[in-house]
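Below is one structure, written out as structure tokens, with a few remarks after it.
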Amino acid sequence: MPGADQILVALLTGLADAAALFFVASGLTVIFGVTRVVNFAHGSLTMLGAYCGWSLISRLPPTPLGFTLGALATMLVLAVIGAMMEIGLLRRVYRAPELFQLLATFGVVLMAEDIVQALWGVEDLALRRPPWLRAFVLVGGARFPRFDLFVIVLFPLIFLFLWLLFTRTRWGRLVRAATEDRDMVAALGVDQRLLFTSVFALGAALAGLGGVLALPDASANLGMDLTTVTDAFVVVVVGGLGSLSGAALASLLIGFLQAFGIMLVPKATLALVFVVMAVVLVLRPNGLLGRPPGRERASGETQAVVRPAPRALGLLGLGTLILALLAPFFLGPYALAIATEMLIAMLFAASLHFMMGPGGMASFGHAAWFGIGAYASAFAVRLLAAPMPLGLLVAPVAAAVMAALFGSFVVRLSGVYLAMLTLAFAEIAWAIAFQWVNVTGGDNGILGVWPASAFAGPRAFYWLTLLLTTLGTLWLRRILAAPFGYALRGVRDSRRRAEAIGVAVMPLQLTAFTLAGAAAGLAGGLYAYGKGSVFPTYISLGHSVDALLMVLLGGVGTISGPIVGALAYTGLYDVLLSVTGLWRLVLGAAIILLVLVFPEGIAGGVFRLWQRMRPA
Amino acid sequence: MMREKPLLAVEALATFYGRAQILHGISFTCDAGETLVLLGRNGAGKSTTMKSVIGLVRPASGAIRFAGESIFAAEPHRISRLGLGYVPEERRIFAGLTVAENLDIGRQAPRPGLAPWTTARLYALFPNLAVARNRLAGQMSGGEQQMLAIARTLMGNPRLVLLDEPSEGLSPLIVEQMADAILALKAEGVGIVLAEQNLHFALRLADRAVVIEKGLAVWSGSITALAADEATRQRFLAVGVEA
Ligand SMILES: Nc1ncnc2c1ncn2[C@@H]1O[C@H](COP(=O)(O)OP(=O)(O)OP(=O)(O)O)[C@@H](O)[C@H]1O
Ligand SMILES: [Mg+2]
């Protein structure tokens with residue numbers, strides 16, 4: 001049993017964690033509240049804050065005053081960066097669908113990683129710690145860093161500052177009003193642009209503060225962007241999107257959960273946090289203190305219907321297929337391996353598109369189903385010594401079962417919340433794969449998942465992959481063209497109308513969710529056999545993001561979109577990787593450019609050009 | 001050119017939602033101190049007309065001039081700052097803000113030639129709001145929310161107000177209060193464009209009327225002419241005067 005001192009220290013640690021979470025999450029929630037943009041780059045702002053802070057503070061005298069000045073200067077720098085990001089990018093995409101805004105901020109994440117790496121290098125940067133930073137206080141018999149006490153004190157101070165800002169100033173009132181109904185605020189004569197830019201600047205400054213304050217105990221490092229943004233998302237979603245008090249409350253909850261979780265269930269803290277998030281969202285779909293989402297988009301534009309592809313496109317597809325069939329005769333083994341990966345990516349992207357485009361259910365954690373499929377195949381091989389056909393069958397079945405179970409309590413959630421729960425689920429799956437070493441091999445993965453001898457050669461395996469992925473993708477397309485697909489789109493466009501004409505909304509969405517999971521699982525199983533091994537990275541956030549990027553690049557509104565997107569993304573990735581070290585920078589810039597120029601994705605943009613060129 | 005141009009002039013306005021054309025040509029004018037009513041059945045396009053004028057919905061073609069400037073497809077905040085106020089049908093008060101805070105959001109600088117609205121004057125006009133000034137707007141009754149929506153827009157000292165169905169869903173007593181407030185506004189020299197289905201309410205307040213049917217202005221004239229024109233009322237409004 002932990003003693004009283006330990007509990008006290010855990011309490012303080014929890015408070016310090018909560019404070020760190022709050023600084024970042026408060027900015028994120030305020031930005032979301034007003035602009036309705038899910039800023040995936042918020043963690044990148046924290047990372048920038050840490051690096052800028054490191055550079056500034058290292059050059060200032062190693063005193064508390066020097067540190068404070070450095071922190072304030074960093075916040076100022078970040079405020080400027082945030083304002084520039086809003087003016088240069090987000091302002092142009094406010095009217096675009098939510099997912100494109102997300103894509104744009106993903107672009108920023110990618111670019112920021114390379115920029116930071118180019119400016120500061122790949123090493124973790126820790127602050128030289130003068131005595132005052134190393135000091136401890138004694139809590140009972142245990143030691144607790146004095147700096148963390150300072151962070152704890154800062155928590156209520158910042159909260160109070162923000163609270164006063166939002167309740168006692170006209171600017172704050174405008175922000176709160178705009179959070180409820182920004183169009184109405186505009187109709188009352190308020191220029192939203194100034195408001196949005198300043199909110200973004202404030203949010204970025206807070207993110208920067210979070211980065212600076214992480215320096216004394218940890219370091220500035222390249223991985224902190226995604227870990228930070230994931231944590232901040234959890235806090236914001238648990239607290240309720242757009243709610244400042246909710247963010248504070250959720251920060252406390254998560255902070256304590258982490259601190260005490262390490263004491264009680266050291267191996268499953270990560271899973272614990274996400275389980276709590278899932279429970280909160282199931283009980284309170286809008287978070288602890290969140291309100292139901294405000295007005296829907298005022299413009300009554302319904303999304304374009306997915307049209308059957310024009311005949312020319314069908315012919316093009318057929319030509320590509322024939323080419324793909326012949327590819328092994330003129331591609332070397334390396335190129336063939338890449339082609340195999342592309343095919344798997346295509347099925348993976350098509351499965352995400354299936355639920356996201358026509359289904360209207362965005363997922364930030366689609367890699368979960370891919371990973372479950374991959375691990376299912378691996379277990380089948382390792383534990384049951386199953387032959388390959390069985391191994392490949394188990395993959396989609398296992399993924400479908402899990403998707404059906406999980407889907408049955410999340411599909412009723414909407415938009416961002418659903419996306420966040422899928423992320424949560426994927427993170428749990430990842431945590432299990434990573435932390436349950438006895439069964440999954442942890443980081444070392446499971447090796448020796450080789451295909452049957454008939455398919456062991458790269459050519460044979462390529463053909464098998466071509467067959468299965470093409471069948472899978474075509475099968476998904478067929479379903480979309482059938483009445484099921486029309487009903488699904490009907491639900492996406494107007495749930496109430498669909499209900500009114502007697503569509504069983506829940507079962508319909510659940511079926512779509514499950515089918516998407518099954519297809520992704522098949523892709524995962526193929527991937528496991530293709531690589532001969534499975535690793536937790538298959539379930540990582542990065543892999544889910546890959547799928548999202550493929551779908552969004554290709555275009556959500558067209559059926560061929562995910563195919564084009566998968567090929568373009570995998571191709572772009574491999575080409576970029578071979579020609580430049582700064583591939584993320586280039587890819588990120590390309591994504592941002594695409595969002596600004598082709599808001600309907602590559603396939604959608606080409607389709608539009610095609611329509612324009614055709615004689616009327 | 002002797003006659004001054006009207007304060008608000010809308011000409012051949014056409015608006016789409018997606019691919020569906022909702023407005024097929026709406027024209028009307030409204031002067032300072034004048035009250036114009038847009039009449040029409042459910043879904044005729046009254047609200048869409050107002051949203052197109054204030055810029056919340058982007059009109060496709062036509063012309064809109066206000067106070068000598070073209071405001072066609074301009075941004076809502078610019079239009080509002082020229083002195084064009086808008087009170088939406090759904091009221092759209094900020095539920096999480098107090099009454100006083102709601103009023104503050106609408107505040108704009110005084111406009112030359114108009115007695116500026118202050119919270120004190122508005123509380124006098126709508127005594128219910130004075131009592132509730134520190135309550136959350138979301139906790140007030142429907143009638144009080146309607147008063148707040150109007151008062152909030154008046155804080156911007158508009159020269160002309162677009163009032164979308166202010167009497168909808170209110171008790172007769174509150175409707176009376178609303179009518180008095182509108183008459184008070186009119187006396188201040190503010191132009192008023194009213195959207196209504198309540199013909200009785202309209203006949204009492206308006207000087208002129210435009211009847212909209214399926215996105216098209218099909219009749220326009222003085223309110224007395226409309227009161228006398230049983231056939232038009234029957235055809236496009238299908239309600240008697242006493243409704
Ligand atoms: N956001 C929207 N998207 C698509 N169609 C819309 C939208 N808003 C309104 N419409 C349609 O436009 C038409 C005109 O609607 P509008 O609200 O302007 O009518 P109205 O005259 O104000 O009716 P009411 O008296 O019921 O308020 C209706 O057919 C309506 O269904
Ligand atoms: Mg209306």
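On a predicted model such as this, the values are computed, not experimentally measured, just so you know.
B:R92 and A:D181 make their closest contact through NE-OD2, 2.7 Å (heavy atoms, listed as atom of the first residue, atom of the second, distance). Residues B:I93 and A:E180 share a closest heavy-atom pair of O-OE1, 4.1 Å. Minimum heavy-atom separation, A:V190 to B:I105: CG2-O, 4.2 Å. Shown here for A:R173 and B:D104, the closest heavy-atom pair between the two residues is NE-OD2, 2.8 Å.
The choice from B:Q108, B:R58, B:E101 that makes the most heavy-atom pairs within less than 4.5 Å of chain A is B:E101. Ranked by heavy-atom pairs shorter than 4.5 Å toward chain A, the options B:M155, B:R78, B:R152 are led by B:R152. The candidate from B:L84, B:L82, B:L97, B:I54 with the greatest count of non-hydrogen atom pairs under 4.5 Å with chain A is B:L97. When B:G106, B:G96, B:G156 are compared by the number of non-hydrogen pairs under 4.5 Å with chain A, B:G96 comes out ahead. Contact tally against chain A (heavy-atom pairs below 4.5 Å) for B:A95, B:P88, B:G55: the top residue is B:A95.
Within 6.0 Å of CD in B:E168 there are more than 12 heavy atoms belonging to other residues, nucleotides or ligands. More than 12 heavy-atom neighbours from other residues, nucleotides or ligands sit within 6.0 angstrom of CZ on A:R91.
Under the 4.5 Å side-chain criterion, counting only non-hydrogen atoms from C-beta, B:R81 is in contact with A:D191. At a threshold of 4.5 Å between non-hydrogen side-chain atoms, the residues A:M184 and B:F94 count as touching. For the pair B:H77 and A:R193, the minimum side-chain heavy-atom distance is below 4.5 Å.
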